[in-house]
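Heads up: the structure comes next, in structure tokens.
We count residues from 1, following the sequence as given. Everything numeric in this text was worked out from a predicted model, so none of it was measured.
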Amino acid sequence: MNPTRRFLLLAAAASLAAGSAHADGFPTKPITLIVPFPAGGTTDVLARALAERLTLSLGQTVIVESKPGAGATLGADLVAKARPDGYTLLVGAVHHTIASAVYKKLPYDFQRDFAPLTTIAMVPNVLVVNAASPAKNVADLVALGKASKDRLSYGSNGNGTAQHLIGTQFENLTGVDLLHVPYKGSGPLTTDLLGGQVAMSFDTITPVLPHVKAGKLRALAVTTAKRSSALPEVPTLAEAGLKGFDIGTWFGVLAPAATPKEISAKLSAEMIKAIHSSEFKKRMDEIGAEPIGDTPDQMARRIKDETEKFAGLVKRANVQIE
């Protein structure tokens with residue numbers, strides 16, 4: 001054999017062996033899941049449910065750390081620039097595919113700077129109002145909005161998030177002029193919604209479900225194409241007259257792009273196993289979420305497709321943030 005070729009083959013084999021050995025020993029210390037929203041929201045709840053299962057299977061503590069701000073982009077930027085060793089991961093969401101079109105400048109590229117690991121779950125968004133609101137359904141809310149001297153306010157998890165975009169779509173389809181009030185996350189938003197500081201929200205079902213069941217909030221419609229199993233009696237926005245309305249929120253885990261493939265593969269496999277476990281599925285049922293647990297390639301296609309879809313919606317809604 002040609003000496004040069006033999007050397008290259010040996011070097012490649014040594015590299016593969018080293019990578020495999022590196023992955024076999026991983027992890028040797030705690031792993032941090034960065035949640036780009038405050039504690040208490042859907043992202044946080046999903047991250048903690050996953051962290052609990054991973055701590056058991058990996059034999060190392062998996063920590064959930066909140067890094068909120070700028071429509072979830074601050075936490076994403078932190079992970080994009082983190083050491084690519086598998087110990088700092090992002091719990092990303094559909095918001096990041098929207099941010100790519102909404103923000104004129106981002107310090108990272110969501111498709112280039114991250115390695116998708118798996119989608120945790122899909123969670124419906126739901127239009128809710130305070131129980132004291134006179135609006136009993138979507139038609140009532142539209143009539144109330146058009147008759148009111150002051151604009152009805154709706155809260156979101158921040159500029160450029162799914163809730164923000166759903167609100168602009170609602171405005172475009174109903175002709176109601178709403179006042180957008182951005183929050184750093186679902187926790188403070190839900191508090192103000194319960195207190196009457198904002199009239200409504202289009203948040204994910206998880207943080208509002210207990211309050212809907214307690215009678216403190218009223219669910220008027222879900223934003224996805226089909227009804228939620230957690231609130232089967234609540235119609236979709238399409239059923240309420242807003243034809244074609246279909247926006248939900250997915251959540252998934254991503255690593256910095258340069259993370260060794262062997263480590264990313266191990267993390268992905270462990271996460272998929274955890275998501276498909278009966279214990280995790282039971283927890284998802286409790287919070288109104290649909291567990292996914294797809295492959296990294298499937299998650300990458302989801303990100304690509306939704307980035308393109310939301311770019312069109314953002315352009316038509318004329319949503320832009322410096």
Side-chain angles (χ1 to χ4, degrees), residues 37 40-46 93-95 98 120-142 144-145 152-158 161-171 173-174 176 178 180-183 185-251 283-291 313:
F37 292 108
T42 304
T43 321
D44 181 64
V45 172
L46 291 174
V94 67
H95 312 301
I98 299 171
I120 303 171
M122 178 70 74
V123 184
N125 289 67
V126 58
L127 167 56
V128 293
V129 296
N130 190 289
S133 171
K136 306 298 183 185
N137 52 49
V138 174
D140 285 351
L141 184 66
V142 171
L144 183 66
L152 293 180
S153 59
Y154 76 95
S156 80
N157 281 358
T161 58
Q163 296 96 325
H164 182 193
L165 191 58
I166 290 169
T168 63
Q169 287 291 94
F170 186 86
E171 287 181 296
L173 292 174
T174 63
V176 177
L178 302 176
H180 175 226
V181 183
Y183 288 81
S186 296
L189 165 57
T190 304
T191 297
D192 277 6
L193 186 61
L194 289 166
Q197 280 75 34
V198 286
M200 59 184 171
S201 80
F202 299 91
D203 208 346
T204 48
I205 198 170
T206 304
V208 300
L209 185 59
H211 305 295
V212 171
K213 290 185 173 181
K216 296 178 180 179
L217 297 177
R218 181 181 302 121
L220 304 185
V222 294
T223 67
T224 43
K226 66 178 184 178
R227 295 191 182 197
S228 168
S229 59
L231 293 171
E233 73 285 358
V234 177
T236 67
L237 278 174
E239 289 174 329
L242 280 62
K243 301 299 181 185
F245 212 114
D246 182 17
I247 301 177
T249 301
W250 58 262
F251 300 85
R283 178 62 178 136
M284 294 302 98
D285 285 343
E286 294 170 351
I287 63 173
E290 176 192 341
L313 290 177

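Summarising the geometry, atom NE2 belonging to His180 is positioned 9.5 Å from atom CD belonging to Glu171; distances are rounded to the nearest 0.5 Å. Atom CG in Leu165 sits 10.5 Å away from atom OG in Ser156 (nearest 0.5 Å). The OG atom of Ser229 sits 6.5 Å away from atom CG of Asp285, with the distance rounded to the nearest 0.5 Å. Of the inter-residue distances, the one linking Thr236 atom OG1 with Phe245 atom CZ reads 10.5 Å to the nearest 0.5 angstrom.
Leu127 is not listed as a side-chain neighbour of Val222, based on a closest heavy-atom distance of 4.5 Å or more. Taking 4.5 Å as the limit, some side-chain heavy atom of Pro291 sits within range of a side-chain heavy atom of Met284. Two residues are said to be in side-chain contact when any heavy atoms from C-beta on lie closer than 4.5 Å; Met122 and Thr224 fail this criterion. Inter-residue side-chain proximity for Ile120 and Trp250 is flagged as unmet; no heavy-atom pair is nearer than 4.5 Å. Val198 is not listed as a side-chain neighbour of Tyr154, based on a closest heavy-atom distance of 4.5 Å or more. The closest side-chain heavy-atom distance from Leu141 to Lys136 is not below 4.5 Å. For the pair Val208/Val126, a side-chain contact is recorded, criterion being any heavy-atom separation below 4.5 Å from C-beta on. Taking the side chain as every heavy atom from C-beta outward, Ser153 and Leu178 never approach each other to under 4.5 Å.
Considering only residues two or more places apart in sequence or on other chains, Thr174 meets the side chain to side chain contact (heavy atoms under 4.5 Å, CB included) condition with Val142, Phe170, Val176, Leu242. Legend: residues meeting side-chain hydrogen bond (donor to acceptor under 3.5 Å, both in side chains) with Thr223, ordered by chain and number and at least two apart, are absent.
Counting only distance, with no hydrogens or angles, the side chain of His211 and the backbone of Lys216 share no donor-acceptor pair below 3.5 Å. Without hydrogens or angle criteria, Asp246 side chain to Ala225 main chain gives a donor-acceptor distance under 3.5 Å. Without hydrogens or angle criteria, Asn130 side chain to Leu193 main chain gives a donor-acceptor distance under 3.5 Å.
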Before you tell me yes or no, could you show the steps for Glu233 and Arg227 under salt bridge (Lys or Arg N to Asp or Glu O under 4.0 Å), namely the whole-Å CA-CA distance, both residues' side-chain angles and the distance that decides it to 0.1 Å? CA-CA 8 Å; Glu233 73 285 358; Arg227 295 191 182 197; over 6 Å; no
Stepwise side-chain contact (heavy atoms from CB on, under 4.5 Å) check, Val129 with Leu217: CA-CA 6 Å; Val129 296; Leu217 297 177; over 6 Å; no
List the steps, then state whether side-chain contact (heavy atoms from CB on, under 4.5 Å) holds for His95 with Thr249. CA-CA 8 Å; His95 312 301; Thr249 301; 4.1 Å; yes
Given Thr161 and Ile98, is the side-chain contact (heavy atoms from CB on, under 4.5 Å) satisfied, shown in steps? CA-CA 7 Å; Thr161 58; Ile98 299 171; over 6 Å; no
Do Leu220 and Val128 pass the side-chain contact (heavy atoms from CB on, under 4.5 Å) test, and can you show the C-alpha distance, the side-chain angles, and the key distance before you say yes or no? CA-CA 6 Å; Leu220 304 185; Val128 293; over 6 Å; no
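Considering all non-hydrogen atoms of both residues, Val123 and Ala289 come closest at CG2-CB, 3.7 Å. Gly145 and Leu152 get closest at one heavy-atom pair: CA-CD1, 3.6 Å. Taking every heavy atom of both residues into account, Gly288 and Pro124 meet most closely at O-CD, 3.4 Å. Among all heavy-atom pairs drawn from Ala121 and Leu46, the shortest one is CB-CD2, 4.3 Å. Heavy-atom minimum distance, Pro134 versus Asp140: O-OD2, 4.1 Å.
Taking the six-membered ring where the residue is Trp, the centroids of Phe202 and His164 are separated by 6.0 Å or more.
For residues 185-207, the set of pairs meeting the side chain to side chain donor-acceptor pair (under 3.5 Å) definition, not counting sequence neighbours, comprises Thr42-Thr204, Asn157-Ser186, Gln163-Asp203, Tyr183-Asp192, Ser186-Asp203.
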